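Here the structure is laid out as structure tokens; the discussion comes afterwards.
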Amino acid sequence: MFEIKKSVFLSENVKSFEIVAPRIAKHRKAGQFVILRVHDKGERIPLTIADSNEEQGTITLIVQGIGKTTMELNDLNTGDSILDVVGPLGQASHIENFGTSICIGGGVGTAIAYPTAVALKEAGNYVITINGARNKDLVILEKEMKEFSDEAYITTDDGSCGHNGFVTDILKNLIGENRKIDFVLAIGPIPMMRAVAEVTREHGISTFVSLNPIMIDGTGMCGGCRVIVDGESKFGCVDGPEFDAHKVDFDNLVNRNRTYSKLEKESIERSASCPKVKASNEIDNK
Amino acid sequence: MASFPEKKDRMKIPRNKMPEMNPIKRAACFEEVSLGYSKEDAITEAQRCLQCKIPTCIDGCPVSIKIDQFITLLVKEDFSGALDKIKEDNFLPAICGRVCPQEKQCEQTCVVGKRNEPVAIGRLERFVADYNRDNEKPKDVKRAAPTGKKVAIVGSGPAGLACAADLASFGHQVTVFEALHEFGGVLIYGIPEFRLPKEIVKYEIDNLKKLGVEFVANSIVGKTITLSELMEEEGFEAIFLGLGAGLPTFMKIPGEEFAGVYSANEFLTRVNLMKANQFPNFDSPILDCKDKTVVVVGGGNTAMDAVRVAKRLGAKSAKIIYRRSLEEMPARNEEIHHAQEEGIEFLNLTNPIQYIGDDKQVVNAIKCHKMELGEPDDSGRRRPVVIEGSEYEIDVDVVVVAIGNSSNPLINKSNPEIEVNKWGNLVVDEETMETSEKGVFAGGDIVTGGATVILAMGAGRKAALGIHHSLIAKAGKKDMKLDEILDVVINVEVESQKFYRMGLDICSEGETHKFIKHLYEDEIKHERMIRNLKDSNLYDGSQLIENVEHLNLEDSHKTENFEWSNNTTIEEALTVAIKRENHAFQLFTKLVELKLPQEIKDLFTNLAEEERQHLAEVEKEYGLATGNMGDEG
């Protein structure tokens, strides 16, 4: 059992957890992930580690409640426990002083981009961060990103905070200013990562994305997380999760990730952690 | 009690059929297919054994189970004795009895099989294990005294479990680290319930827990904890890597990444480990197979498992595609037979060349070639050759690729210093199973590539012995020749003589001189007694005396340096004498406890008593010299 030392909502359905896992905390590097299982009937899901504290023996996970397991996870509070947590898995982010690096986080992807962005800054990069969300309430880690970034931008789809539009608008502007940009990291929803890849491709800017294929074991055993990179089959769990964005077959990723969408929906609708179910239960109780 | 019939009558007994669940019923559930022999079945089957003078069946067994002997015990209805006999060589009989390819091993070399059907050795093995599990209390496993040595086992599959069991029985403190949340490795995630009930695996693991083996889940060695941390920070003196061959192989043909194409590992893990067949009561999903067409590519046991799982998930059509013919199929005969009974279709001499998908990249057809058999290849099997112009398509909803596994490169990445061969398998010393890294041992599929449960189990036990010997070597000698022991005690006596001899030189007269002389002469007498015994006809100095490592005999003659001089006070000399005599007394007392020939034991008892008297004398002398005698009152 892995105890939750601290949990706090960052936005309406994004929650941050500090989890006691000393062995993982000791080895974890930016870009790596864990696989967890909430209870004994639960599924195993991968989540990127947002932060870790070796002294306290804790890791930080930032979770957006979108599936059954993430919704159940977000129902847990300080003092509760998670049944299984294993990691750190996958390759660490490649960190070096590229020069000027842009780190783009979309939605909860910001939490995943954050540790790598900090590591890039520490390696001597001039770090520009672009933090995108649908609206003001969903912007996370605003203060943290601003603190270490050399330049920090926020975009919202409805303009309720920062630039009114997409992360790619800011990216295009920065490229348009004829600044020398050496490296781009984009983490967020697949359409966002893909859009970023298309923008940087024509300018030949090295761009990496962190992929989220379906996994079970996370050690290379199941092969469920196969992604096509540069025409070759790679395992997201052991070869990734970060890959060269210009070589990723996003169509295939989207299609493979849809494999269980019907079943996932059914699962959510049966879950007591689902907001809709909660709301209807409340009405019943009244 | 039963006995063996006359040989000619034995040959008349037909092979006993395995009671099985009805194919229609079982294809709709996950319960075990083979129900196991009754006691009566088992005894009549055992009575078919000819008890050959040269039991060739044993040659066919990868771990040389004493098959003839366990069968004799079975016929005598000594089921517990039969289990003990099997367990001398096989730690997991309930499991191997179910999953071993017996027809290619013991039953292939059974003499009865030359004219009739061979003795059903595998079923008998299973019966013995099951009967004991169901009817007998688990026996207390003999466990050596704790050695205080810690050993880490990485991976809880058959190799790791067998290695853990032996190491625990040798008295070592064993911790098993497992990457997944459940223990058992391939026995849990790979082999389905209908072929190997998980309760059996759990029973074996519970027994290990009772033996004191500790199990830690969610631990990936090289990631969660490193080999050097285990050894340097956590005090493990040896590590066994039983990581298995857990990396699925694909054919690298177009469309393999379409949705709906599974590796057998994923398909089976979803059902066996994650219970996706019970979705939505369990959260992990699996593609709906009900009334669908599921095609499994491959002809091994894993392929049979996958296709039979598909059938149980409700597939309208569950097919095997295999590029050779039924004859070359590597799966166990029983599995092929069961699959056929359950309505699995076999498309043999067929090879997929491309997967075809819809606009959402969901697989819906397989393009295949028809094959024919050509000349034998390196494996001795006839090589499948493409029949030109034979392409055709098969409509599918779900595809499972079951063409094999290679070794997982995780450990190679985290510990590149460990030597691997060209296939990425760990290289080990064949005798000790030690890898190129000292203290790191390995066995099972990570060394051999994908093989069988019994070979992995055997490798785990072999490694346990290798580890045990290396730990003992590190701790000093466990066994010593009687000669070596007697040399040690002679040395102790000689050193004492030297000590008193020096005292005589310094203290040349008076009561003290007399006292020292008496002790000196006694030590000479002791030496002579030991040497006389060594010279006797009955004495065999080459015999090994067990369990001497705790005595640290090698260091026994060493006592502190002491130089007599004209300034030496009597107190100083007596303090050293007390230490010497006490040491000698303790040594002989401990030696008496060893397993020694009676005459040696008597001698040591005698010497222990003499040294005890010496000790009392020097203590008394010390009391007189320091005037502290009154303290005792």
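Values in this document were obtained by computation on a predicted structure and should not be read as measured data. Letters A, B, ... mirror the listed sequences (proteins, then strands); counts begin at 1.
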Would a 4.5 Å heavy-atom cut-off, applied to side chains only, mark B/Leu426 and B/Ile418 as touching? yes
Are the side chains of A/Ser267 and A/Tyr260 in contact, using a 4.5 Å heavy-atom criterion? no
If we ignore angles and hydrogens, is there a donor and acceptor under 3.5 Å between the side chains of [X] and [Y]?
X: A/Ser81; Y: A/Glu3; value: no
X: B/Asn405; Y: B/Asn265; value: yes
X: A/Thr58; Y: A/Asn53; value: no
X: B/Ser284; Y: A/Glu43; value: no

Salt bridge flag under 4.0 Å for residues [X] and [Y]:
X: B/Glu193; Y: B/Lys202; value: no
X: A/Arg270; Y: A/Glu266; value: no
X: A/Lys26; Y: A/Glu54; value: no

Measure [X] against the heavy atoms of chain B and call it side chain, backbone, both or neither at under 4.5 Å.
X: A/Val254; result: neither
X: A/Ile214; result: side chain
X: A/Asp251; result: both
X: A/Glu72; result: side chain
X: A/Leu263; result: both
X: A/Gln32; result: side chain

As an exercise: rank [options] by heavy-atom pairs under 4.5 Å with chain B and give me the winner.
options: A/Gly218, A/Gly223, A/Gly42, A/Ser271; result: A/Gly42
options: A/Ile35, A/Val238, A/Thr219, A/Ile228; result: A/Thr219
options: A/Lys68, A/Arg258, A/Arg44; result: A/Arg44
options: A/Thr259, A/Asp217, A/Asp84, A/Leu89; result: A/Asp84
options: A/Lys262, A/His27, A/Arg28, A/His39; result: A/His27

Heavy-atom contact with chain A under 4.5 Å, split by part of [X]:
X: B/Glu229; answer: side chain
X: B/Lys360; answer: both
X: B/Leu410; answer: side chain
X: B/Phe250; answer: side chain
X: B/Lys413; answer: side chain
X: B/Asn281; answer: both
X: B/Val401; answer: neither
X: B/Leu268; answer: neither

Counting heavy-atom pairs closer than 4.5 Å to chain A, which one of [options] comes out on top?
options: B/Glu266, B/Lys223, B/His181; result: B/His181
options: B/Asn408, B/Asn218, B/Ile225; result: B/Asn218
options: B/Glu256, B/Lys275, B/Arg270, B/Met274; result: B/Arg270

Testing A/Leu73, A/Leu61, A/Thr78, A/Asn74 one by one against A/Ser7 for a side-chain contact (heavy atoms from CB on, under 4.5 Å), which residue passes? A/Thr78
Establish, yes or no, whether the cationic atom of B/Lys209 lies under 6.0 Å from the six-membered ring centre of B/Phe215 and within 45° of the ring axis. yes
Check B/Ile353 against B/Pro254 and note the closest heavy-atom contact, atom names and distance. O-CD, 3.5 Å
List the steps, then state whether side-chain hydrogen bond (donor to acceptor under 3.5 Å, both in side chains) holds for A/Glu18 with A/Thr60. CA-CA 5 Å; A/Glu18 269 178 41; A/Thr60 303; 4.9 Å; no
